J.: 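Below is one structure. I have some questions about it.
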Amino acid sequence: MGLGPHSPHKAGRRFPAGGKRGRGAKGSGRPTSGRQREPRPPPDGRSEPALDAPLHLSSEALGYFRRALSTLKEAPETGEERELMVRNVLKEAEAQALALATHRTGSEMLQELLGFSPRKPLCRVWAALRSNLRFVACHRSGVHVLQSALLQLPRLLGSPAENEEVEEEEDGKEGSLETLEELVQGLASEVCDDFLFYCGDTHSSFVVRTLLQVLGGTLLESERARHRGFQSPETQRAPPRECKPTDFEVPESFLNGLQNLSSCFLKDIAVFITDKISSFCLQVALQILHRKLPQFCAHLCNAVIGYLSNRNSSADGSPLLLFLRDQTSSRLLEQVLLVLEPPRLWSLFEDHFQGQLQILAAHPIANFPLQRLLDAVTTPELLSSVFEELSPALEAVLAQGHPGVVVALVGACRRVGTHQVQVLQLLLEAFHCAEPSSRQLACVPLFATLTAYEVYYGLVEEEGTVPAEHQVEMATARALGEVSVLGSLLLQHLLHFSAPGLILRSLGALTGPQLLTLAQSPSGSHVLDAILTSPSVTRKQRRRVLKTLKGQYVALACSRHGSRVLDVIWSGASLGARKEIAAELGEQNQELIKDPFGHHVARNVALTTFLKRREAWEQQQGAVAKRRRILNSILED
């Protein structure tokens with residue numbers, strides 16, 4: 001990025017966009033038409049293989065389960081025939097549970113079968129695996145079956161009691177079968193008995209993390225995403241960052257089990273702080289406890305901070321600073337910072353962070369815990385102390401390739417509602433568009449691409465010379481650069497400031513093709529979302545920015561991300577604006593219908609009705625607008 005004459009950094013450099021964190025991470029049968037027919041069971045017996053014998057799943061058995069799964073997917077979602085089919089297939093799965101779970105393909109099919117399973121068949125499969133828990137939990141395929149069984153609890157605990165009379169009366173195991181709750185509690189007890197082992201193993205630690213979530217009645221999206229490897233593309237959902245944790249009701253005994261399991265961390269706290277694999281389990285526990293048992297969460301956080309604070313002091317301050325620079329323990333500290341209550345966060349800042357923020361911001365690892373500290377700030381007092389110390393180094397932090405720190409600071413200013421004017425001025429200075437004032441109109445492309453003014457426009461400015469005025473012709477002739485994720489987040493925060501006027505004026509100065517590029521960008525499209533949803537942006541300001549897109553609606557509709565933006569614009573548009581959009585789209589109706597994204601927009605706009613029966617379209621859209629006005633008035637009241 002090109003740095004200004006007063007900057008100690010070398011001129012002509014681009015701000016690094018913030019690289020990746022410097023850490024290690026880790027032929028089927030076809031069902032017949034008409035009445036659904038169950039596949040024949042495998043011929044190779046029903047007995048579970050002994051663990052000390054070679055586990056073998058025959059090709060006949062594998063083919064049977066593959067055909068069964070295919071049939072179930074194509075069968076109607078409800079009905080007695082389907083239920084009976086599910087039970088029969090799972091009975092066969094129970095007989096070969098261990099061989100299926102530890103076979104790569106068999107494991108994937110068993111996981112999908114468990115997604116169809118009622119309570120008791122699932123309990124039987126679980127019970128069949130329980131006697132070999134350690135072996136299955138530590139197996140690279142078996143562990144996912146245990147995870148899948150645990151992840152059925154939100155569905156099964158919330159379902160009404162099943163009518164199990166359809167089960168075969170001669171099944172001698174019926175009377176001794178444990179309930180689902182008992183199986184979960186039994187699993188928790190077994191894990192407690194050898195807690196260090198299960199948390200420290202690469203595979204079984206996934207079981208511990210899933211068990212913590214199930215006991216707490218909260219599924220974390222980040223952990224669910226790790227388990228999606230076996231799922232088909234149709235079952236994939238939104239990215240983790242767009243989803244919140246999912247809560248579900250659990251028995252009181254589960255919360256007691258959560259506390260008992262979490263207390264095991266206290267016995268060997270040093271291991272869970274320093275061991276990479278074990279630390280993940282403690283991080284998940286903190287997230288669950290923060291939501292369900294906040295007092296115990298605080299107790300666990302105090303234990304972590306107490307241990308780290310009593311280690312050998314570093315040469316430049318608190319002993320905690322050493323762990324902030326460590327790949328493993330810093331990740332745990334990030335989670336601690338996010339779950340601490342405000343008073344405890346303030347005392348932690350005073351005791352360990354104060355006076356060290358610029359050093360931490362420059363460190364390739366420690367800057368991440370600093371970002372989490374900024375994410376956790378909720379009080380004006382703490383933000384003022386952080387801002388006073390960190391703000392003078394804003395440009396240096398950007399030049400060092402840690403824009404996440406700057407974005408987190410701007411996010412804290414947005415959340416708390418203070419220092420917004422100051423941080424915007426500092427950003428303008430850091431990107432070399434504060435003076436002359438005409439350059440401020442170019443701030444959006446610079447922020448979006450994390451590039452300084454002279455680098456973005458290819459200017460050569462000698463140190464000590466007066467910066468040149470902004471040239472509108474030069475700006476309009478240049479295509480918008482690639483929008484970075486952090487640049488998009490920065491603009492989204494700024495648009496939610498109490499006075500986003502400067503950002504809106506800069507957005508209004510973009511040409512139609514430039515604003516189209518922003519809307520079509522995977523990251524930049526969220527900037528348009530912020531314009532449409534920010535309570536600080538008035539309707540008049542919104543219209544002024546969006547009118548630039550006139551003439552670009554067809555290109556917008558035929559884009560993956562642009563079509564989503566157009567849908568949002570349409571949902572909030574007045575009847576007059578809808579007429580303009582529909583008229584422009586109607587000129588390219590055939591192109592829209594042929595496009596994989598455009599035809600969805602055409603359907604949403606009811607373009608065929610608009611072109612053939614305009615009066616009916618206007619009545620329909622008028623009714624929609626009226627309902628929206630009524631709803632808005634209710635929400636405002």
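Note that the structure is predicted; figures quoted are calculated from it, not measured.
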J.: Hey, are S438 and E469 close enough side-chain-wise for a donor-acceptor pair under 3.5 Å?
T.: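 Per modelled atom types, E469 and S438 side chains form a pair under 3.5 Å.
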J.: What I want to check is whether the side chains of Q492 and H526 have a donor and an acceptor closer together than 3.5 Å.
T.: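 Their side chains do not contain a donor-acceptor pair, so the 3.5 Å distance test is not met.
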J.: Return the minimal non-hydrogen interatomic distance between L337 and P369, and the atom names on each side.
T.: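 Looking at all heavy atoms of both residues, the shortest contact is CD1-O, 3.3 Å.
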J.: Can you list every ring-ring contact (aromatic ring centres under 6.0 Å, His included) pair that touches residues 404-429, not counting sequence neighbours?
T.: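 As it turns out, the ring-ring contact (aromatic ring centres under 6.0 Å, His included) pairs with a partner in residues 404-429, which skip direct neighbours, are F387-H419.
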J.: If only atom types and distance count, is the side chain of H290 paired as donor or acceptor with the main-chain N or O of Q287 below 3.5 Å?
T.: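 Flag not set: sc H290 to bb Q287 has no pair under 3.5 Å.
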J.: Which atom names give the shortest non-hydrogen contact between L286 and C297, and what distance separates them?
T.: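 Here L286 and C297 meet closest at O-SG, 3.6 Å.
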J.: Testing the basics here: between Q541 and T538, what is the closest heavy-atom pair and its distance to 0.1 Å?
T.: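 Smallest interatomic distance, heavy atoms only, reads OE1-N, 3.0 Å.
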J.: Do the charged groups of R564 and D529 touch, with an N to O distance under 4.0 Å?
T.: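 The answer is yes: the pair qualifies as a salt bridge.
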J.: A509: which residues meet the side chain to side chain contact (heavy atoms under 4.5 Å, CB included) condition with it, sequence neighbours left out?
T.: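 Scan of A509 (side chain to side chain contact (heavy atoms under 4.5 Å, CB included), adjacent residues dropped) gives L441.
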J.: Can you confirm whether more than 12 heavy atoms, excluding those of Q354, are under 6.0 Å from its CD atom?
T.: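 More than 12 within 6.0 Å, yes.
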J.: Between E618 and K579, does any side-chain N to carboxylate O distance fall below 4.0 Å?
T.: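 Salt bridge present between E618 and K579.
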J.: Between H470 and R439, does any side-chain donor sit less than 3.5 Å from a side-chain acceptor?
T.: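 No, R439 and H470 have no side-chain donor paired with an acceptor closer than 3.5 Å.
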J.: Below 6.0 angstrom between ring centroids: does that apply to F431 and Y453?
T.: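 Centroid separation for F431 and Y453: 6.0 Å or greater.
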J.: Please check if atom CD in E350 has more than 12 non-hydrogen atoms from other residues, nucleotides or ligands closer than 6.0 Å.
T.: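 Yes, CD of E350 has more than 12 neighbouring heavy atoms, counting only those of other groups under 6.0 Å.
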